[in-house]
Structure formats: C-alpha cells, structure tokens
K.L.:
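Before we start, here is the structure in question, set down as structure tokens.
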Amino acid sequence: MKYTSTINIPQFQEDLITWFEKEQRQLPWRENQDPYRVWVSEIMLQQTKVDTVIPYFQNFMEHFPTLTALAEANEQKVLKAWEGLGYYSRARNLQTAVKEVVAQYDAKVPNDPKQLADLKGVGPYTKGAILSIAFDKAEPAVDGNVMRVLSRILRIEEDIAKAKTRKTFESVVRDVISEENPSAFNQGLMELGALVCTPKKPSCLLCPVQEHCVAFSDGVEQSLPIKKKKIKQSLHTYFVLVVQDDAGNYLLEQRPDQGLLAQLWQFPMVKADEVDEKHLSAYVQEKFDVNVVEMKDLEPVKHVFSHLTWFLNVKHVTVKGDMTVPGHMEHLSKEEIKQYPLPVSHQNIYKQL
DNA sequence: GACGCGTGGCA
DNA sequence: TTGCCAAGCGT
C-alpha cells in the first residue's frame, strides 16, 4: 500500500502552483523553455545546490549557447567549464548525449520518454524534468525534494533511501500531478522542498499547502521522511584465545558494561590488527604470565550482527604455570562456564571444547 | 540493489 | 571535528 491518506487534489494543485508562480526564484534556466537549457540545468543540479550551479550555468551557456555548439566543442573545454562542479562524468555524458541528439534527432531534444531515457546521463528524474518543464508533459520528476514533500503531505512512511521507493513516488505523482500545468506543479514541489519543506526544521507555518499536509496535521512532520542510514557492514577480525591451564580450567572475560553485548562473557579476544598471529604465543605469555605449551586452531566462527560482522580466528591455547587473572576475568571449569551468559558466537566456540 | 562519483555548506 | 546533506546516474 502506498498511502491511505486522502487530500483535495485540485485544491492542492492550485495552492502549490499559485505559490510557485508568485514565489519562485528567478533563475537563469527559468528565462525560457529552451529544452537544451533545461537539460543542462537539470544535469548541473544533480546533487548540487542552486547557488553553486548559477555561475556555472551562465558561464556554460556563454561558451556553449546551443546544443550544436556543445556537440562540436572540444571535450577538454567542456570539462574546463565544469571544473569545480564535481561529478565530472556528468559533463562527459552530457556531451555524448548531445552528439547523439545531433546525429539521431536533427539536433532537437526529443520529447519522447523512451528516446530521452536512452540518452547518456538522463535517468528517470532528468527525463521527467525535461518532459514536464520543457515540453509541458504530465510526467513525474521525482527527486529528493519531491519524496520529502510528498512523504509529508500524504504521510507516506516508506524508506526514501531505498532505490525502489522512487517508483512508489512516481506513481503517487501520477495520481496528484496537474495535467493543466505539470511544469509549475513539478517545479513547485521541488521549490517548496528547497525553500519551505526543508529536511530539518520545515517552515510549516509559512507553507502554502499546510492545510493539505497530513504529517503537519498529525504532528509528525519532523519525523518524515523516513530515511534509514546506510550502515557500513564493517568486518571485524579477532583472535579468540581459548586459554586452558593444566588443571583443565578456562579463562573467561567480561565485556564492558556499555555497548555491544554489554556485560556478557567471552573467551578473551584480541583484534587481529593489534597483534601478529606469530606473536600470539608471546602475547599470551606476557598478558597472563604463563608458559604456552601448545596452540591449536579450532574452527573459525563468523557472526553477523545488524551493523557489523565478526570473524573469529579461534586458538586453543594450553598453558602451564600459575595464571595471573586480570580483574575483569574469571578462571572457570568447563562446567562452571555454563552458568555464565555468552554471546551466540562464543557459545559456538564452547561447543567445540 | 549497492556502490562510487565531487564539492561546499552546515550544525 | 565529523558527519550529513544537495534537483541522480551508470555500472
């Protein structure tokens, strides 16, 4: 289910478009509907702020005022005009696409969605932006602003970090877009997202469509949109030291009382990047003041947490001598260990004993 | 579907 | 300081 809320769509369209016509910023690419200029501006605006783009756009148009001029330009000169703007493949792809338009479409930007989509650097958003802004076609142009604004207006609680969520919002836009003025409607959504319905602290009291906004009405506008953070699935590699003395007892350590697996017990662990494997024996002798008699590999254990992965190289270490037991550790028989709470990964080690 | 791609502004 | 973001796209 996309959403369950309902709004007065014609009134929403009118309020949004009226606000956009009155409050829109005067930007160089809004001087006319030239598809080439719209196209260049949309490419430059990808992941880039308006204020950053303005001087680049003006300079670019002076150097390459027409689609044909850009197609015939020296690539190095194009890149020079892009210098500092970032994402340089945008510039190369744009010139590739412009050459394609010259060759295939008589130097006229196509207004066919499929033909546009085949152009290098023109994805779903840019395609919709060109179709609606340059050609007045009622096509969705869903960017981050649109997802944020509509997730609030309709209280759509989907994760906008997921790629496929864009399609959900394209479908939503098809439901609510103004067929009469899709250009102002699409731009109005984006302009509203940039000026009013901002990611942090949206200016709801000034919002021209406040009365349509379900999130505002429900008091949840601050917690939308839902955007789950990408968590690096980092890999943490350890040596696990199953230290057994000549009486058959094992060493267990308690984890810190904050953080991952707080206060649980485990066989002593050392990060693999903190001690070289060939120095493990010396490490054990030094740390526990014992003589290492034998060291044998047990089966390694892999454990996946929600946000990280442990890879545990397990060493069974037989020692001799009176062991120095640090404060956060215990010296326990195999039977006594059963009384202690272990993480699953260390239960899997215990099973090997 | 996840990742790399640039840069500048902001808290 | 460090993360997070800002009109995405290609691979």
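Lettering of chains follows the sequences in order, A, B, ..., and the numbering in each one begins at 1. Remember, predicted model here, so these are calculated numbers, not experimental data.
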K.L.:
Without decimals, in angstroms, what is the distance between A:Glu170 CD and C:dG8 P?
P.N.:
13 Å
K.L.:
Map A:Lys200 and A:Ala163 onto DNA chain B by nearest heavy atom, then report which one ends up closer to the 5' terminus.
P.N.:
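Residue closer to the 5' terminus by nearest nucleotide: A:Ala163.
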K.L.:
Let me know which of A:Glu330, A:His331, A:Gln244 forms a side chain to side chain contact (heavy atoms under 4.5 Å, CB included) with A:Asn249.
P.N.:
A:His331
K.L.:
Within the 3.5 Å criterion, strictly below it, is a donor on A:Asn348 or A:Glu299 matched to an acceptor on the partner's side chain?
P.N.:
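Their side chains do not contain a donor-acceptor pair, so the 3.5 Å distance test is not met.
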K.L.:
Expressed in angstrom and rounded to an integer, what is the separation of A:Ile160 atom CD1 from C:dC4 atom P?
P.N.:
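Checked: the CD1 to P distance equals 14 Å.
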K.L.:
What interatomic distance, in whole Å, is found between P of B:dG8 and the corresponding atom of C:dC9?
P.N.:
23 Å
K.L.:
C:dG3 and B:dG4: how far apart are their P atoms, nearest whole angstrom?
P.N.:
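C:dG3 and B:dG4 have their P atoms separated by 16 Å.
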K.L.:
Would you confirm whether A:Lys334, through its side chain, and A:Leu353, through its main-chain N or O, come within 3.5 Å as a donor-acceptor pair?
P.N.:
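It does hold such a pair.
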K.L.:
What integer distance in Å separates A:Leu45:CG from C:dG8:C1'?
P.N.:
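Taking CG of A:Leu45 and C1' of C:dG8, I get 11 Å after rounding.
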K.L.:
In whole angstroms, how far is the P atom of B:dG1 from the CZ atom of A:Arg166?
P.N.:
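Atom CZ in A:Arg166 sits about 11 Å away from atom P in B:dG1.
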K.L.:
For residues 41-64 of chain A, tabulate all N or O donor-acceptor pairs below 3.5 Å that involve a side-chain atom, not counting sequence neighbours.
P.N.:
residue: A:Ser41; atom: OG; partner: A:Arg37; partner atom: O; Å: 3.4
residue: A:Ser41; atom: OG; partner: A:Val38; partner atom: O; Å: 2.7
residue: A:Glu42; atom: OE1; partner: A:Tyr125; partner atom: OH; Å: 2.6
residue: A:Gln46; atom: NE2; partner: A:Thr126; partner atom: OG1; Å: 3.0
residue: A:Thr48; atom: OG1; partner: A:Met44; partner atom: O; Å: 3.4
residue: A:Thr48; atom: OG1; partner: A:Gln46; partner atom: O; Å: 2.8
residue: A:Thr48; atom: OG1; partner: A:Arg90; partner atom: NH1; Å: 3.3
residue: A:Tyr56; atom: OH; partner: A:Glu83; partner atom: O; Å: 2.8
residue: A:His63; atom: ND1; partner: A:Asn59; partner atom: O; Å: 3.0

K.L.:
Examine the side chains of A:Thr96 and A:Glu100 and answer whether a donor and an acceptor come within less than 3.5 Å of each other.
P.N.:
no
K.L.:
Grab the N/O contacts between the protein and nucleotides 6-8 of chain B below 3.5 Å, and write none if there aren't any.
P.N.:
residue: B:dG6; atom: OP1; partner: A:Tyr88; partner atom: N; Å: 2.8
residue: B:dG6; atom: O4'; partner: A:Tyr87; partner atom: N; Å: 3.1
residue: B:dG6; atom: N7; partner: A:Tyr87; partner atom: OH; Å: 3.4
residue: B:dG6; atom: O6; partner: A:Tyr87; partner atom: OH; Å: 2.5
residue: B:dG6; atom: N1; partner: A:Gln47; partner atom: O; Å: 3.4
residue: B:dG6; atom: N2; partner: A:Thr48; partner atom: OG1; Å: 3.3
residue: B:dT7; atom: OP1; partner: A:Tyr88; partner atom: OH; Å: 3.1

K.L.:
Pick from A:Lys167, A:Arg166, A:Arg174: which one makes a side-chain hydrogen bond (donor to acceptor under 3.5 Å, both in side chains) with A:Glu170?
P.N.:
A:Arg166
K.L.:
Given atom NZ of A:Lys201 and atom P of B:dA11, what is their separation to the nearest angstrom?
P.N.:
8 Å
K.L.:
Is it true that the side chains of A:Glu253 and A:Gln266 contain a donor and an acceptor less than 3.5 Å apart?
P.N.:
yes
K.L.:
Kindly state which residues belonging to residues 118-133 of chain A come within less than 4.0 angstrom of DNA chain C, counting heavy atoms of the residue only, listed by number.
P.N.:
A:Leu119, A:Lys120, A:Gly121, A:Val122, A:Gly123, A:Pro124, A:Tyr125, A:Thr126
K.L.:
Ignoring hydrogens and angles, state whether a donor on the side chain of A:Asp289 or A:Gln285 is under 3.5 Å from an acceptor on the partner side chain.
P.N.:
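Side chains of A:Asp289 and A:Gln285: no pair found under 3.5 Å.
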K.L.:
Measure from NZ on A:Lys164 to P on C:dC9 and round the result to the nearest Å.
P.N.:
20 Å
K.L.:
Is it the case that A:His212 and A:Asp15 place a side-chain donor and acceptor less than 3.5 Å from each other?
P.N.:
yes
K.L.:
Which part of the nucleic acid does A:Asp51 contact within heavy-atom distance under 4.0 Å: base, sugar-phosphate only, or nothing?
P.N.:
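Here A:Asp51 touches no strand at all.
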K.L.:
Separation of A:Met190 atom CE from C:dC5 atom C1', in whole Å?
P.N.:
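Atom CE in A:Met190 sits about 18 Å away from atom C1' in C:dC5.
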